[in-house]
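Below is one structure, written out as structure tokens; the observations come after it.
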Protein chains: 2
Amino acid sequence: MSLKYVILGLLRQRPHYGYEIKQQFDHSLGEIWPVSYGQLYPTLRKLSVSGHISMQTVPGKKAIDKNVYTLTDKGKTDFEQWYEKGVKKTQISIKDEFTLFLFFTQDSDMVRLLPAVRKNHDIVSRQEAVFQSRLEALGEGAPFFQRALLKKMIFHLEAERIWLEEIIMMSKRPAPQGVQRG
Amino acid sequence: MSLKYVILGLLRQRPHYGYEIKQQFDHSLGEIWPVSYGQLYPTLRKLSVSGHISMQTVPGKKAIDKNVYTLTDKGKTDFEQWYEKGVKKTQISIKDEFTLFLFFTQDSDMVRLLPAVRKNHDIVSRQEAVFQSRLEALGEGAPFFQRALLKKMIFHLEAERIWLEEIIMMSKRPAPQGVQRG
DNA sequence: CACAACATGTAAGATGTTACATGATTGA
DNA sequence: TCAATCATGTAACATCTTACATGTTGTG
């Protein structure tokens with residue numbers, strides 16, 4: 001359960017309320033790690049019960065009160081132990097419907113792939129451009145991780161884009177490596 | 001639920017038993033889409049109950065009988081509708097503990113990252129080489145999707161490797177873009 | 001004799017999505 | 001007035017992992 005550490009990590013900076021955690025998320029890690037309220041609120045509850053965070057209710061801007069969560073000593077220790085332990089693994093997961101679709105497409109059927117490939121190519125290209133301009137917009141003083149996260153996204157989007165371009169090439173001619181018999 | 005379509009798609013070729021489906025998986029899609037028995041068997045059961053597949057028991061090589069599953073008309077139709085509908089999306093997910101670790105690493109702390117970065121770099125490089133040689137080992141007659149899946153893995157592993165190399169570079173000098181004040 | 005391969009499965013829990021429910025306030 | 005933003009949550013379901021349980025056969 002790493003959502004736990006995401007939350008503890010955010011709360012290390014300062015107390016946050018739920019809605020705000022989601023905002024923070026969506027604007028930083030969120031591109032990479034989407035979180036829904038349906039997951040966030042129950043997790044905050046659990047971390048409260050386990051004593052990793054404590055809750056104070058303060059009036060919200062509108063009607064409903066905010067529940068502000070503060071990191072406790074226990075939470076702090078837990079986070080730091082997680083962080084100290086280090087040796088984290090990257091794992092690239094390429095598990096999507098398109099890949100599955102591709103897996104079940106026969107050579108003779110390759111043309112049917114093209115509309116989906118083109119559509120995905122558009123989406124990926126546009127996303128890549130967005131991240132690229134965000135990277136360029138970063139000042140020199142921008143924190144290391146911000147730059148690094150954007151780069152990571154850009155590199156993988158680029159990989160995906162180039163791959164899709166290759167699929168288009170491959171689907172135009174039957175034998176990918178040139179020379180054909182006959 | 002796409003494990004459903006993975007199974008239906010495999011059974012289109014010929015009947016399979018559970019253990020065999022897992023084998024097939026591990027040797028093709030498996031690099032990309034790991035499946036555990038804990039997920040596979042219950043899903044086969046569900047698809048039997050819903051009438052997408054039917055089960056016949058045949059003696060196994062050793063002691064326990066095999067349960068061979070065959071695609072029914074319903075299953076076939078369902079798969080084909082899924083396939084016809086097309087417009088599948090790629091989605092790259094970059095949600096791993098290392099990235100989270102990075103997210104919580106301060107600029108001043110960057111050096112602490114290096115051992116993990118190097119370790120991951122080794123792993124990723126080695127994986128990349130394995131897939132590369134598998135790609136080269138493919139004959140010219142190899143099906144389109146096999147080549148494409150391997151390429152996809154290779155491209156993303158390469159993206160990851162280059163990214164890790166950049167992290168190493170970035171962590172050696174504070175300002176990434178050259179000119180420093182002072 | 002121990003261990004890998006063959007072959008089935010269950011149970012518990014972690015993780016994540018989607019839709020629903022509530023209700024005030026602000027701005028177009 | 002209508003949609004968006006603020007702010008909380010629940011419930012149902014889907015997905016996936018891990019550990020356990022069972023038992024034979026072949027191989028070193």
Side-chain angles (χ1 to χ4, degrees), chain A residues 1-8 15-27 29-50 52-53 55-69 82 89 91 93-97 99-100, chain B residues 1-8 15-27 29-50 52-53 55-69 82 89 91 93-97 99-100:
Chain A
M1 191 212 221
S2 15
L3 179 56
K4 171 177 165 182
Y5 295 107
V6 177
I7 292 171
L8 297 183
H16 287 81
Y17 53 98
Y19 189 79
E20 190 185 20
I21 289 175
K22 170 101 166 100
Q23 303 301 96
Q24 283 262 321
F25 233 89
D26 292 349
H27 297 133
L29 262 185
E31 321 281 356
I32 282 170
W33 207 312
V35 172
S36 64
Y37 289 119
Q39 207 193 342
L40 180 59
Y41 286 119
T43 305
L44 286 170
R45 170 72 50 97
K46 260 194 282 177
L47 289 174
S48 269
V49 170
S50 66
H52 289 84
I53 61 182
M55 189 187 99
Q56 301 86 40
T57 300
V58 305
K61 280 185 197 157
K62 310 181 183 176
I64 288 182
D65 287 346
K66 300 173 185 177
N67 294 329
V68 175
Y69 297 94
W82 172 81
K89 270 198 297 187
Q91 60 210 37
S93 153
I94 287 177
K95 225 181 104 167
D96 57 42
E97 264 206 307
T99 308
L100 190 56
Chain B
M1 191 215 222
S2 16
L3 179 56
K4 172 178 165 182
Y5 294 108
V6 177
I7 292 172
L8 297 183
H16 286 81
Y17 52 98
Y19 189 80
E20 190 185 19
I21 289 176
K22 170 102 166 96
Q23 301 302 94
Q24 282 262 319
F25 233 90
D26 292 348
H27 296 132
L29 263 184
E31 322 280 356
I32 282 172
W33 206 312
V35 172
S36 65
Y37 288 119
Q39 205 192 344
L40 180 59
Y41 285 120
T43 304
L44 285 170
R45 170 71 51 96
K46 261 195 282 179
L47 289 172
S48 269
V49 170
S50 66
H52 288 84
I53 61 180
M55 188 187 99
Q56 300 86 40
T57 300
V58 305
K61 279 185 197 159
K62 308 182 182 176
I64 289 183
D65 288 346
K66 299 172 186 176
N67 294 330
V68 176
Y69 295 94
W82 172 81
K89 271 198 297 187
Q91 61 210 34
S93 153
I94 286 176
K95 225 180 103 167
D96 59 42
E97 264 205 308
T99 307
L100 189 57

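What you see below is based on every heavy atom in this structure, not just the backbone, and it leaves out hydrogens, waters and symmetry mates. Numbered from 1 within each chain, the chains take letters A, B, ... in sequence-line order.
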query: Between A:K4 (side chain) and A:L47 (backbone), is there a donor-acceptor pair under 3.5 Å?
result: no
query: Just how far, in rounded Å, is P of D:dA7 from CZ of A:F25?
result: 19 Å
field: Row check, A:Y19 ring normal vs A:K66 NZ/CZ: under 6.0 Å, within 45°
entry: no
task: Look at all strands and tell whether A:K95 reaches a base, only sugar-phosphate, or nothing, counting heavy atoms closer than 4.0 Å.
output: sugar-phosphate
Side chains of B:K89 and A:E97 in contact at under 4.5 Å (non-hydrogen atoms): no
Phosphate-side-chain proximity, A:R45 and D:dT10, N/O vs OP1/OP2 below 4.0 Å: yes
query: Rounding to a whole Å, what distance do you find between B:D26:CG and C:dA5:C1'?
result: 14 Å
- request: Take atom CG of B:N67 and atom C1' of C:dT8, then tell me their distance rounded to the nearest Å.
  value: 7 Å
query: Taking B:T99 for the side chain and B:K95 for the main chain, is one N or O donor matched with an acceptor at less than 3.5 Å?
result: no
query: Which nucleotide in the set D:dT10, C:dG9, D:dT8 lies at the smallest distance from any side-chain heavy atom of A:Y41?
result: D:dT8
query: Does a side-chain N or O from A:Y19 land closer than 4.0 Å to OP1 or OP2 of D:dC6, or not?
result: yes
query: Backbone N or O of B:Y17 within a donor-acceptor pair of the B:N67 side chain at under 3.5 Å?
result: no
task: Using the closest heavy atom to pick a nucleotide of DNA chain C for each, name whichever of B:G38 or B:Q23 lands nearer the 5' end.
output: B:Q23
- line: Rounded to whole Å, the CG-P distance (B:L44 to C:dT10) equals 11 Å
task: Figure out the CG/P separation between A:L40 and D:dT8, and round it to whole Å.
output: 9 Å
Pairwise 5' ranking along DNA chain C for B:Y17 and A:S36, keeping only the more 5' one: B:Y17
task: Check the distance between D:dT25's P and B:I64's CD1 and give it to me in whole angstrom.
output: 11 Å
- request: Would you mind reading off the distance between A:I21 atom CD1 and D:dC6 atom P, rounded to a whole angstrom?
  value: 16 Å
- prompt: How long is the line joining CD of B:Q39 and P of C:dG9, in whole Å?
  reply: 15 Å
